[in-house]
Structures are given as C-alpha cells and as structure tokens.
Student: 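The structure that follows is given in the form of structure tokens.
Residue numbers begin at 1 in each chain, while the letters A, B, ... track the order of the sequences. Only a predicted model underlies this, so the values are computations on that prediction, with no experimental measurement involved.
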Amino acid sequence: MPVAELDRLEPLIDLCPLQLRPLLRKRWQGLRRRARAAQPVDRGLRALARDLETATTRRAARLAALPSPEYALALPVVARRAELRAAIAAHPVIIVCGETGSGKTTQLPKICLELGRGVDGLIGHTQPRRIAARSLAARVAEELHSRVGQAVGCKMRFHDQVGEQTFLKIMTDGILLAETQGDPDLLQYDTFIIDEAHERSLNVDFLLGYLKQLLPRRPDLKLIITSATIDPERFSRHFSNAPVIEVSGRTYPVELRYRPLRGDDEEDQDRDRGQALLDAVDELAREGDGDVLVFLSGERDIREAAELLRKHHPPHTEVLPLYARLSASQQQAVFRPHRGRRIVLATNVAETSLTVPGIRYVVDTGLARLSRYSYRSKVQRLPIEKISRAAADQRAGRCGRVAAGICIRLYSEEDFAARPAFTEPEILRTNLAAVILQMSALGLGAVEDFPFVEAPDARFVRDGFKLLQELGAVDEGQRLTERGRQLARLPVDPRIGRMILAAREELCLREVLVIAAALSVQDPRERPLDKAQAADEKHRLFAVPYSDFLGYLNLWNAYHEQARHLSQNKLRKWCQQHFISYVRMREWHEVERQLQRLVTDMGLRLNQEEAEPDAIHRALLSGLLGNIAMKTAEREYTGARNLKLELFPGSVLVKKRPQWIMAAELVETGKRYARTLAVVEPRWVEPLAAGLVKRSHGEPHWEKRAGQVVARERVTLYGLPVVTQRRVNYGPIDPVLSRELFIREALVAGQLGTPGRFMTHNRALVAEVLELEARARRRDLLVSEEELYAFYDARLPAGIHDQVAFEHWRKQAEREDPRCLYFAREALLAQEEAIDTRQFPAQLEWQGLRLPVRYRFEPGEEDDGMTVTVPLAALNQLRPASFEWLVPGLLEEKLTLLIKSLPKQQRRHFVPVPEFAGQSLGAQRPE
DNA sequence: GAGCACTGC
C-alpha cells in the first residue's frame, strides 16, 4: 500500500515549482527507504501528499495565469518568432544577435513566456545597468498590460519589485551574480536571458562561466545570450557551438566619412585636433539641419572643445557637454526639446549607457579613456587609446536611429582598418581580487580551471591572490580564510571591506561604515566647469585639513544634521547650494544602511562613543596598506615597490605635503596620482601588516648596559621604511651570530660587567702579556683574538648570547670547575721563547734615583718607545745624553738605525750592520 | 593643479 502511494506521488514532484523540487524529492526518497525497511511511513506520506498537492496547485495556478503576449509586428525579432521559438525549444543555449531596433531585448522575454517558460521558475533577464533594467521592466510590463511587481518583476540594489505572480524578473547582472551565493543552482529560474553580452563586462563574463558550470546540473534550464553583432561566435564556442541566430536591426544607413588629422607626428595632430572638429561640424552644417554627437575621450577634451565651438559658432547653436560625472540636471539637458542646432560633446556614456535622442550626425575622434590595471605597478591606469572597430561602429550607429545619418571619423580609413576588431574584455584589463574572492566563497574550484569565455592572464590571477593575501582573505595556500568569507559577504571592494572588518577592533565601525560607503559610491560633490571656484569654496566647509576621509564624514554629519529638520525640498535646496548631488547623497545613505545591516548580521557591534581620528585612520589603513607613500622630493612621493606618485590636486593634503600618506586609490591618468588621502603615522603600519613587512638588521654589537647583543632594526613594507633605527635585542633574531659577538665583545674584549673572578684574572693576564709586547716592541706575543675566541667558544654552550643566560650557565659550570674560564699564562703566549725582562727593566737606577719606565709600542705617537718619569727636583741633575742609551733591549735597534743613517763612505766599514750593532752593545753606559 | 563607464551579498 505505501509503495503504491509512493509510486503515485513521484511524478507529481516534477509538477511543482522548481525551487521546491529538491526538498520534496528528498522527502520522497526518505519515505521510500523507510517503506522498504518496513518502517511506518503513514504520517510522512500524508504530509508529503498534502504538500505536493499545494505545490502542484501553485504551479498550475501559475500556468493558468501565464500572460499571453501580443506583438507589435513591425519588429524584426517578432517576424522571426517561430524560428526563435523552435530554437529555444530545441537547444539549451542559443545566441541571438542583432543591432539596436531589432526588438531582441523587449520581445525575447515574451517569446519565452509563449513557450511556457517562467512557470516552473522565473525567466531571469539581466541588464548591465540599473537605469536600463528599470526602464525595460516598465516597458515590458506595459506591453503585457501589467505593472512592474506583478507579471514583470524588477530587482536591483535597493529596489526589489518581484512578487508571487512574477514570471519575468528583470535585474542587473550584478544581482544575479549576488544571488549565486544563496542559491548556487539558481533554482528560482527556469530561463535566463543575458542581455548586452557583447559589452563583455566583468559581470557578464563571470556569469557566462558560472552558467556553463551550472548547465550540466540543470538540464531543464534555457539560456539565451543576446549580443550586438560583435563576435557572437565566441559565445557559441563557449557553449559547445550553440546556434547563433542573427536578427536584422531596424536602423537607417550611416554614411562614413574619413577626415584624418593633418600633420605627420602626434604633436602636429594634437594641434590640428581642434581645427578638425570645427571643420567636421562645419561640413555637417552644410548637409542640413540636425543635431551632432561628438565623441571625445574625457572631461578635459570636452571642456576645450566646448570653448572652441562656442567661439566659432553662431548663437543659435547650443553646445552641451555630457559625461557621467555631470550633475543629473546637466545631463538631463540633452533630453530637453530645443530649437536650432545642438552639438552634444560626450564621452563613452553616449556609446552605451545613454541614448541621446534625435542625433543625425556623429563626429568620432576615435579615442577613449580605457581602464587598464597594471599588475606590475598595482595601479589602475586610464590611458587614452584608439577605440576598436566594433566601438567605432557602435558610435557611428548612434546617428542612424531616426533617419539616415552621417558619421565623420577624424582618422583615416587605413587607421580604422588597422585597429583591433573588438575592445578587450574587462576581465583581461582589471584587478581580479574581487572576482577571485567571489569564486573562492562560492567554492568554484581553481581559478585556472574555471570556464571563462576568455581566461585572464595567469599574472593577473596571481596578482589578485596577492592582494587577497595582503588583506588576509586567503592564506599562503590561497585558501579562503574566515576573514575572506566575511569579506565576500560585503558588497564592496575587498580593500574597503577590510577597512570595515578592521573597524571592529579599533572601535570605530560607525564612522568607517560611512567612509566605506562614501568610497563605494560616486563622489557626491559636484564641480560644474563654470562654477568650479564657488563649488570648491562650499566644499571647503566640510574639509578636514589632514584627511579627505574625515572630510567625507564631516559632509555626512552636516547633511544628516540638515536632514533632521528640513523638508525633502529644502534639503535638496541645501544640497544645491553646497554643490552636493542629492541623488548621490541618497545612494551613499542607502549603501551605508545596507552595510550597517550586513555587519550587524555578522555580529559586529557599532561603537556608541565617538571614535578617535587615529583609530579611524588605522582601520582605513588596514585596507590600504599597499597604498601608503612617503615624501621623497618636493612634489614626489614614493609608494609601494618604489612607485613614484603625486598627490591628486583635489585633495586637502596637496599643499600640506606631509611626510607619510595613505590613499584610497592610485590612478594613472596624465601622471600617477594618489587620490583621497590622509596623513598617516608610519608606526601604525607594522602592527597592521604582520606577515607583510620585511625586517633587516644592521650594526649588531654588544651593549654592556643592556647586557645584550643589540642591533638597529629596519622594517619595510613593500620597500617603504616604516621603522628605522630601532634598537632590538638581536639574540633571538640571530642566535649564532649573537653568540659570536658575545664572545668577541663581551668576553674576549672584556666588555662584560660580570662578578665572575675569571674576568679579572683573564684581564690581568692579558694586560701582562700586552705590557710585555710593549716593552719588546713586538706584536706577536699575545695569542691572536681568534685563539682567545676559540677558548670561550669551546666552553660556552650554543644558544648563550646575553648576560643573563651567561651568568646562569657560569654559576653551574663553576660549581664543577671554579677555574673553568681561567686562561693559562702559557696559553696566552704565542711565542715559546720567553722575553728577558731584564732587557726591559721596569725602572732605571741612576745616581741613587729609581726612575719608573713605561713602554709603549705605537710608532708615530709621541710616547712611542719608553718613557721615563723624572721627579721635578731631580731634573737638573740629569744629562739628556744619558737617556740616549735607553734600555738594553732597545739599544740594538737604535744602533742599527744610527749606522744605517751614516754617509755611505763611513757606513761601508760597519757591514754587516746588525753584527756590528750587536757587538757594540757591550759598551758601558756613562754615569 | 585635475579621471572612461558600470555593478553588488
């Protein structure tokens, strides 16, 4: 009976929503096991039957509520509906490519609904940008006679409108990527549409790798990749030759005109650039009315071009700049209706993110700033580069949307032909730390085995791991650490996440969350070209002289102080007056709240007391260890790995130029800049950078007062000296060398303050031999230092290199042999032959006087030789000549020298000289 | 003395 019931229930599982199936199947299998073991299953069976009933009803209700889409037949995708339907039904993956106006973005989800997709799970449709996702959701909802939040859902950061009745979920690709953390098999979905894949953003490339790994586990899944006609074969190859369906666009022809710059070298061309733009605009003016879109590389070019055009053109031509950092209202200007001619000067925003309406003509400089990460210098670069052929065509296409257009390229056709076909995908030009961190947290296995559409260079992967290691997110074996796991949960850059985690220990979480959020959003400060000074003046109200970071905190506090008592309208006005973007302040606020929620979920506690600035900066520094720099010249700073930097001119520190700084980011544009800065104390670095700093030691030497071998320690981080000249006990660092120094300096040289009798004994013995040497004017009587060293070396055990350990050992050793450290006199004498001390008497007897004699062997010194001390009273009784006889031991040498100094004529009578000198010694000293 | 464009647990 139970077995029959189990058999009846099994097929019902596949009629439940996807998400519920794994759990229901598990329960069913459990019951079958029990049934086979003849255990009671009745209650379990009843419960399962009930749950299956509810679940299948839910799916049936979804199926019944599935919208039946209507189509506006004019779109190319709609015309090929049947073919697309068949392809989706027949293949797990298809690639649909077509230009703008093909309808692929808006109509493909509807075709999926027609196929009954979206019933078992959702149809997930990803967009690279939030604005695009939002407007697409509104548009599709409208076409389905529904509202966003019902049949069509929409999800992005801070915005979730997905309901029970949702079939189609439109979201940013970042959201889908984030969802893999909680739902690795993405069971919410039965279909994916990955839109704008040709842009090859980091998110898309990562997603396509993830989905490739997922497909074998989800055979029911359908995947549609849509792309402009840019390298669709690559996607096809990535998904085992999935079919590519090309759909025509609905655009007008664009005439291409090449107007290369004059001049042979770059300098000439730079001069010509402005003139070429004016010429192109004039040429287009002769073609007839219509707005012009000019593509330039950046804000500076736009400013220069705007000035040129304003001087050049009749008043009824309107010149509008357009770039992402422009305030929202200034951006909106391009959407305002207008009379006369309009020339929009734009960066790449107009290539993908923003569609400027009503453009008839395009002027393309062929240049753009492209972000390129240098794994060598660890700096993000923004060089101006020639854009690819695909990007140039994309730009040209911007004037064929409403009517036939003309695109003037300010370069030659040969130049165009010589360019790379496609823009390098982001994954090949970016710092990979964040991607690697996500992959590790998701347990996706080795990075080099991951099925990327295009695998990143191994050097970039290594560099990414290195940064994660610096942050303590992975260990030396590149395994994710507990801290790495926490970092992966924070939707911010790993460096910024590290600051947040460090803020817990520094008791400044509240403040650091605000700063971390600020660093994650666009700078809310606005600086319009024409009111730059006024804006700077207002922004100075929030500045903190030693830290751009605390400046953010100040702005935050000021804004929230206002927000507490002002209406939203008045708050907007306050923002406007202070050149602050209200929209970006809101975004900042949202990010801060989200981070606060996440860290409190992780068990971190906010500080109640206001934090100390130093504590805040130490927490920030924990994430920015690779971004410290030291002033090395008037305007030059040296960062990690000897990187030369300048301070970014917008920083509060640019005039102050402190000795040490940390930077939120290093970017190379015209020069290499450190941007968003604070003064740091180099001594903060070492405790935060354990395991990263390198130590070197110089001048190790015995210090009598410390009773230790002491050295000067130098601590460097990436080559920057964060500690210099620190006195440290060198013993534990290099015990072998320290013992050697201890023996040489403390024992042999006698620099040890010891109560041990051996030292007095040995010292006296050495003094005695040295005295003998001085008398005999030779240096070879005392055994060499090496032999004295060998004496101690043979007795002192290994590991003893300071006073405390020595005394401890000595006491024990002397208990067995009290004289174990005593030199023997014979052992100190290197020469067997004894010196006859009578030859070098300690005093001279003279006319009843006993005059003490000192000896010194130090040629060149005033008292070299022998010195006789005479009492003052006896001085006049002595004749200087008597002293020329010296003492017997010195006389022979003196005689030899005297003979040698004779003129040759006489000298020859005394050959051989030493013999004569020796024979003369018998003569008597005159009294 | 001045930077392309996006995304998020």
Student: From the options B/dC4, B/dA2, B/dC9, select the nucleotide whose nearest atom is closest to the side chain of A/R369.
Tutor: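 Of the candidates, B/dC4 comes closest.
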
Student: Looking at residues at least two apart in the chain, or sitting in another chain, which of them share a ring-ring contact (aromatic ring centres under 6.0 Å, His included) with A/Y375?
Tutor: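 Partners of A/Y375 by the ring-ring contact (aromatic ring centres under 6.0 Å, His included) criterion, ordered by chain and then number, come out as A/F460.
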
Student: Between A/R200 (CZ) and B/dT7 (P), how many Å, whole number?
Tutor: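 After rounding, the gap between these two atoms is 19 Å.
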
Student: Reckon A/V492 touches a base, only the sugar-phosphate, or nothing at all at heavy-atom distances under 4.0 Å?
Tutor: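 Base, at least one base atom sits under 4.0 Å.
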
Student: In whole angstrom, give the distance that lies between atom CG of A/D548 and atom P of B/dA2.
Tutor: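 Roughly 17 Å, once rounded to whole Å.
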
Student: From CG of A/L604 over to C1' of B/dC9, roughly how many Å is that when rounded to an integer?
Tutor: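 Taking CG of A/L604 and C1' of B/dC9, I get 15 Å after rounding.
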
Student: What integer distance in Å separates A/D205:CG from B/dA5:P?
Tutor: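 The distance from CG of A/D205 to P of B/dA5 comes to 21 Å, rounded to the nearest Å.
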
Student: In terms of the nearest nucleotide of DNA chain B, which residue is placed more toward the 5' end: A/K155 or A/E299?
Tutor: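 First, find each residue's nearest nucleotide; the 5'-ward one identifies A/E299.
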
Student: Output the rounded distance in Å from CD1 (A/I500) to P (B/dC9).
Tutor: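 A/I500 atom CD1 is separated from B/dC9 atom P by 14 Å.
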
Student: Is A/R130 near enough to B/dG8 that one of its side-chain N or O atoms lies under 4.0 angstrom from OP1 or OP2?
Tutor: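 Yes, because at least one side-chain N or O of A/R130 sits under 4.0 Å from OP1 or OP2 of B/dG8.
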
Student: Check the phosphate of B/dG8 against A/T172, side-chain N and O only, distance under 4.0 Å to OP1 or OP2. Yes or no?
Tutor: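 It does, given that an N or O in the side chain of A/T172 lies less than 4.0 Å from OP1 or OP2 of B/dG8.
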
Student: Considering heavy-atom distances to DNA chain B, does A/D536 or A/Q127 have its closest nucleotide positioned more toward the 5' end?
Tutor: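 Between the two, 5'-proximity favours A/D536.
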
Student: Hey, does the Lys NZ or Arg CZ of A/R409 hover above the aromatic six-ring of A/F416, less than 6.0 Å from the centre and inside 45° of the axis?
Tutor: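 Yes, a cation-pi geometry holds between A/R409 and A/F416.
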
Student: A/S371 near the nucleic acid: base, sugar-phosphate alone, or nothing, with a heavy-atom cut-off under 4.0 Å?
Tutor: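 If one applies the 4.0 Å heavy-atom cut-off, A/S371 turns out to touch a base.
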
Student: What is the distance from CG of A/D523 to C1' of B/dA5, rounded to the nearest Å?
Tutor: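 It works out to 17 Å between those atoms.
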
Student: Does the side chain of A/T347 get closer than 4.0 angstrom to OP1 or OP2 of B/dA5 through an N or O atom?
Tutor: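 Yes, because at least one side-chain N or O of A/T347 sits under 4.0 Å from OP1 or OP2 of B/dA5.
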
Student: Could you tell me whether A/I175 contacts a base, only the sugar-phosphate backbone, or nothing, with contacts defined as non-hydrogen atoms closer than 4.0 Å?
Tutor: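 The residue A/I175 makes sugar-phosphate contact but no base contact.
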
Student: With distance as the sole criterion, is a donor-acceptor pair present between the side chains of A/Q533 and A/E537 under 3.5 Å?
Tutor: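 Note: A/Q533 and A/E537 side chains miss the donor-acceptor criterion.
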
Student: Classify the nucleic acid contact of A/S520 as base, sugar-phosphate or nothing, counting any heavy atom under 4.0 Å across all strands shown.
Tutor: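 Touches nothing.
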
Student: If only side-chain N and O atoms of A/S353 are considered, is one of them under 4.0 Å from the OP1 or OP2 phosphate oxygen of B/dC6?
Tutor: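 A/S353 to B/dC6 OP1/OP2: side-chain N or O found under 4.0 Å.
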
Student: Given B/dC6, B/dC9, B/dC4, identify the nucleotide with an atom nearest to the side chain of A/V349.
Tutor: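 Nucleotide nearest to A/V349's side chain: B/dC6.
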
Student: Answer with base, sugar-phosphate or nothing: what part of the nucleic acid does A/A324 contact at a heavy-atom distance below 4.0 Å?
Tutor: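 It contacts sugar-phosphate atoms only.
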
Student: Can you check whether any acceptor in the base of B/dC9 is under 3.5 Å from a donor in the side chain of A/E179, or vice versa?
Tutor: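 Absent.
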
Student: To the nearest Å, give me how far apart CG (A/L207) and P (B/dC6) are.
Tutor: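 Distance check: A/L207 CG to B/dC6 P gives 19 Å.
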
Student: Counting C-beta onward and ignoring hydrogens, is there a side-chain heavy-atom pair between A/L211 and A/L186 closer than 4.5 Å?
Tutor: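 A side-chain contact exists here, since the closest heavy-atom pair is under 4.5 Å.
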
Student: Of the nucleotides B/dC6, B/dC4, B/dC9, which has the atom closest to the A/R157 side chain?
Tutor: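 Taking heavy atoms from C-beta onward, the closest nucleotide is B/dC9.
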
Student: Is A/Q594 near enough to B/dG8 that one of its side-chain N or O atoms lies under 4.0 angstrom from OP1 or OP2?
Tutor: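 The answer is no; no side-chain N or O of A/Q594 sits under 4.0 Å from OP1 or OP2.
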
Student: What is the nucleic acid contact for A/L598, judged by heavy atoms within less than 4.0 Å: base, sugar-phosphate only, or nothing?
Tutor: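 Sugar-phosphate only.
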
Student: Among the nucleotides B/dA5, B/dA2, B/dC6, which one has an atom lying closest to any side-chain atom of A/Y323?
Tutor: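 Out of B/dA5, B/dA2, B/dC6, the nucleotide with an atom closest to A/Y323's side chain is B/dA5.
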
Student: Considering only B/dA5, B/dC9, B/dA2, which nucleotide approaches the side chain of A/R527 most closely?
Tutor: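 Of the options given, the side chain of A/R527 lies nearest B/dA2.
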
Student: Assign A/E665 to base, sugar-phosphate, or nothing according to its heavy-atom contacts below 4.0 angstrom with the strands shown.
Tutor: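 It contacts base atoms.
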
Student: Among B/dA2, B/dG8, B/dC4, which nucleotide sits nearest the side chain of A/D493?
Tutor: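 Nearest to the side-chain atoms of A/D493, counting from C-beta on, is B/dG8.
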
Student: Say whether, by atom type as modelled, one donor and one acceptor occur between the side chain of A/E646 and the main chain of A/R672 under 3.5 angstrom.
Tutor: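 Flag not set: sc A/E646 to bb A/R672 has no pair under 3.5 Å.
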
Student: A/R489 side chain N/O closer than 4.0 Å to the phosphate oxygens (OP1, OP2) of B/dC9?
Tutor: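 It does not, given that no N or O in the side chain of A/R489 lies less than 4.0 Å from OP1 or OP2 of B/dC9.
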
Student: Rounding to an integer number of Å, can you tell me how far A/N431 CG sits from B/dC6 C1'?
Tutor: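 Checked: the CG to C1' distance equals 16 Å.
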
Student: Which is true for A/A434 with a 4.0 Å heavy-atom rule: it touches a base, it touches only sugar-phosphate, or it touches nothing?
Tutor: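 The residue A/A434 makes no contact with any strand.
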
Student: Could you please spell out the steps behind the side-chain contact (heavy atoms from CB on, under 4.5 Å) verdict for A/W588 and A/V514?
Tutor: CA-CA 8 Å; A/W588 181 7; A/V514 170; 3.7 Å; yes

Student: Using only heavy-atom distances, determine whether the side chains of A/T355 and A/R398 contain a donor-acceptor pair under 3.5 Å.
Tutor: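 The answer is yes; a qualifying pair exists.
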
